[in-house]
There are 2 protein chains.
Amino acid sequence: MEKAADTNGTGPTESAESRQYLGLRDGIASRISTGDLKPGDKLPSERQLQGEFGLARGTIREALFLLEAEGAIFRRDRSGWYVSPPPVVYDPTRWEGFMSYVEAQGRVPTTFTISTATIPADPLLSDIFSRPLGAPLHHIRRLRSVDGRAVLVEKLVVDAAITPGLLDFDLNTSLTAILKRNFGITVARNQISMQPCALTGDEAVDLRQKSGLPGLALQRVSYDGHGRVVEYDHEYWRHDAVQITVDLRVR
Amino acid sequence: MEKAADTNGTGPTESAESRQYLGLRDGIASRISTGDLKPGDKLPSERQLQGEFGLARGTIREALFLLEAEGAIFRRDRSGWYVSPPPVVYDPTRWEGFMSYVEAQGRVPTTFTISTATIPADPLLSDIFSRPLGAPLHHIRRLRSVDGRAVLVEKLVVDAAITPGLLDFDLNTSLTAILKRNFGITVARNQISMQPCALTGDEAVDLRQKSGLPGLALQRVSYDGHGRVVEYDHEYWRHDAVQITVDLRVR
DNA sequence: GAGTGGTCTAGACCACGGG
DNA sequence: CCGTGGTCTAGACCACTCT
């Protein structure tokens, strides 16, 4: 008996799902919405679900992938599947920085600096910062978490000429605050671009995600009051961790 | 011989990929980047790739899913896999509307009105529009395409009191233009919110996508110069069809 | 009707996580 | 060390598209 959907006598009994993984998806989703499973809770293992529902493991995984795409659950590599916490709201116009707005939402933000370096400007960066080729720029790579879960990696670049000694500060705090307090720099304008993307390579590794999972790529160029480029930032977010909100006047 | 990765004698010959689907992914990706495969081109069928690479179909599909998540390819249900065209750039602050900005990028926009209706305001909409419960609101559901490919479904709501007879116009054109020309309404402010999401149910059907594929959900509340709510809009985009760009002053 | 992707089965081994 | 998810095989039938 190598037939698959033998049970597909799908008599239109009620809302019988045509595809089994959709049924399983709905089952788990309702367990979450009723509060039977709460944010952070671990789901039964794939093999347990297999026994419980009498489906092949591939079918179980299909349902899990769907819930993952919907942002309802996430996985920790080779540890298990967990119920997702609610996303963080990110408003690029309210520029107090990550630490502030995450805290304002009653969550606990943390930052981990992965690496720092001062590197001569390449043609692209030289153009963005309007600085000569080879001018020194600070590169910072940071991992940011909410309630202990890594939600984004950022690679940011700052003009070293106007921020001497920046890398000696504790970068596991708010960069916005450091720039303001120690260098008198405030951001007046942001130019932002973003695309849904797949998290791959370094980003996936840092976020402890399996490569290829969906994410949101966000690039930001920040200007001060004089129109000078202050920061050039690339952020890679878990797709289920963020909601973007903007309020703006139309031109 | 039910062993899987027997070929995993992965001698570190060159950049041998540890996982076979990554190798296949790279192979197809490079065919795209060299121009061997161009936007719109059809990929070989899964079974052809199976023969060509000597992998099980599941493995082939894993590679295809990854490329899909990256936005490099897309599928037409039961027709095949195709190379993705470049995304459209969407700037919510430049409010000439979909038709204008798509054309400005040298692409061909089309709009198809799926349904229209005038419905009494429910509590939520009554609140958003600051209108009494039961006040008439126009509901419009449209499908919008670029170069013949459906890229987004939108469900929009407009206050019927200030747009009498709106549904009698040809809604397969620019709504922005209709509101301006025929009702003297212009948008002065937008409040936008967006989250990566999974396209499911009606949205997936309308976009001819398999349910569960990643997308971008965008909600917009538009105000006129008097602060009156003009439009309430929900858009569901294919994740690979759009890039959002915003330029804004920080508050 | 042929061909395509969509769904599903029933196994297997691998690599990593955590006690 | 064991349990977990990650990868992979080799089949099968189904539902739809296309010509």
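Here the structure is a predicted model, which means the values were calculated and not measured. Per chain, numbering begins at 1; letters A, B, ... match sequence-line order. Side-chain atoms are counted along with the backbone in the values below, which use heavy atoms only and exclude waters and symmetry mates.
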Enquirer: Regarding Q48(A), tell me which of base, sugar-phosphate or nothing describes its non-hydrogen contacts under 4.0 Å with the strands shown.
Expert: sugar-phosphate
Enquirer: Go through dT7(C), dT4(C), dA12(C) for me and flag the one nearest to the R57(A) side chain.
Expert: dA12(C)
Enquirer: Is the ring pair Y90(A)/Y101(A) parallel, tilted or perpendicular, if the boundaries are 30 and 60 degrees?
Expert: parallel
Enquirer: Give the nucleotide from the list dT9(D), dA10(C), dC8(D) with an atom nearest to the side chain of Y21(B).
Expert: dC8(D)
Enquirer: Measure the distance from CZ on R78(A) to P on dC1(D) and round it to the nearest whole Å.
Expert: 19 Å
Enquirer: Counting heavy atoms from C-beta on, name the nucleotide in dG6(D), dT7(C), dT9(D) closest to the side chain of L55(B).
Expert: dT9(D)
Enquirer: Round to a whole Å and report the spacing from CZ of R19(B) to P of dA15(C).
Expert: 11 Å
Enquirer: Please tell me which of R208(A) and L22(A) maps to the more 5' nucleotide of DNA chain C, matching each residue to the nucleotide holding its nearest heavy atom.
Expert: L22(A)
Enquirer: Counting N and O atoms only, with roles assigned by atom type, does the side chain of T34(B) sit under 3.5 Å from a partner on the main chain of S30(B), one being a donor and the other an acceptor?
Expert: yes
Enquirer: Please report, rounded to the nearest Å, how far the C1' atom of dC8(C) is from the CG atom of L49(A).
Expert: 17 Å
Enquirer: For the backbone of Q219(B) and the side chain of D233(B), can you confirm whether one donor and one acceptor N or O come within less than 3.5 Å of each other?
Expert: no
Enquirer: Between N172(A) and T113(A), do the side chains contain a donor N or O and an acceptor N or O under 3.5 Å apart?
Expert: yes
Enquirer: Using whole Å, report how far CD of Q209(B) lies from P of dG5(C).
Expert: 16 Å
Enquirer: State which of dT7(D), dT7(C), dC16(D) makes the closest approach to the side chain of R61(B).
Expert: dT7(C)
Enquirer: What does R47(A) touch in the nucleic acid at a heavy-atom separation under 4.0 angstrom: a base, only the sugar-phosphate, or nothing?
Expert: base
Enquirer: Where the side chain of E46(B) is concerned, which of dC16(C), dG5(C), dT7(D) is the nearest nucleotide?
Expert: dG5(C)
Enquirer: Check the distance between dG3(D)'s C1' and D77(A)'s CG and give it to me in whole angstrom.
Expert: 13 Å
Enquirer: Below 4.0 angstrom from OP1 or OP2 of dG5(C), is there any side-chain N or O of S79(B)?
Expert: no
Enquirer: Closest to the Q20(B) side chain: dG6(C), dG5(D), dT9(D)?
Expert: dT9(D)
Enquirer: I60(A) CD1 to dT4(D) C1': how many Å, rounded?
Expert: 15 Å
Enquirer: Can you check the L64(B) CG to dT4(C) C1' distance for me, whole Å?
Expert: 13 Å
Enquirer: Can a side-chain donor-acceptor contact be found between T111(B) and R142(B) if the only test is distance below 3.5 angstrom?
Expert: no
Enquirer: Taking only side-chain nitrogens and oxygens of S45(A), does any of them come within less than 4.0 Å of OP1 or OP2 of dT4(D)?
Expert: yes
Enquirer: Rounded to whole angstroms, how far apart are NZ on K210(B) and C1' on dC16(D)?
Expert: 15 Å
Enquirer: Checking all strands, does R75(B) fall into the base, sugar-phosphate, or nothing category for heavy-atom contacts under 4.0 angstrom?
Expert: sugar-phosphate
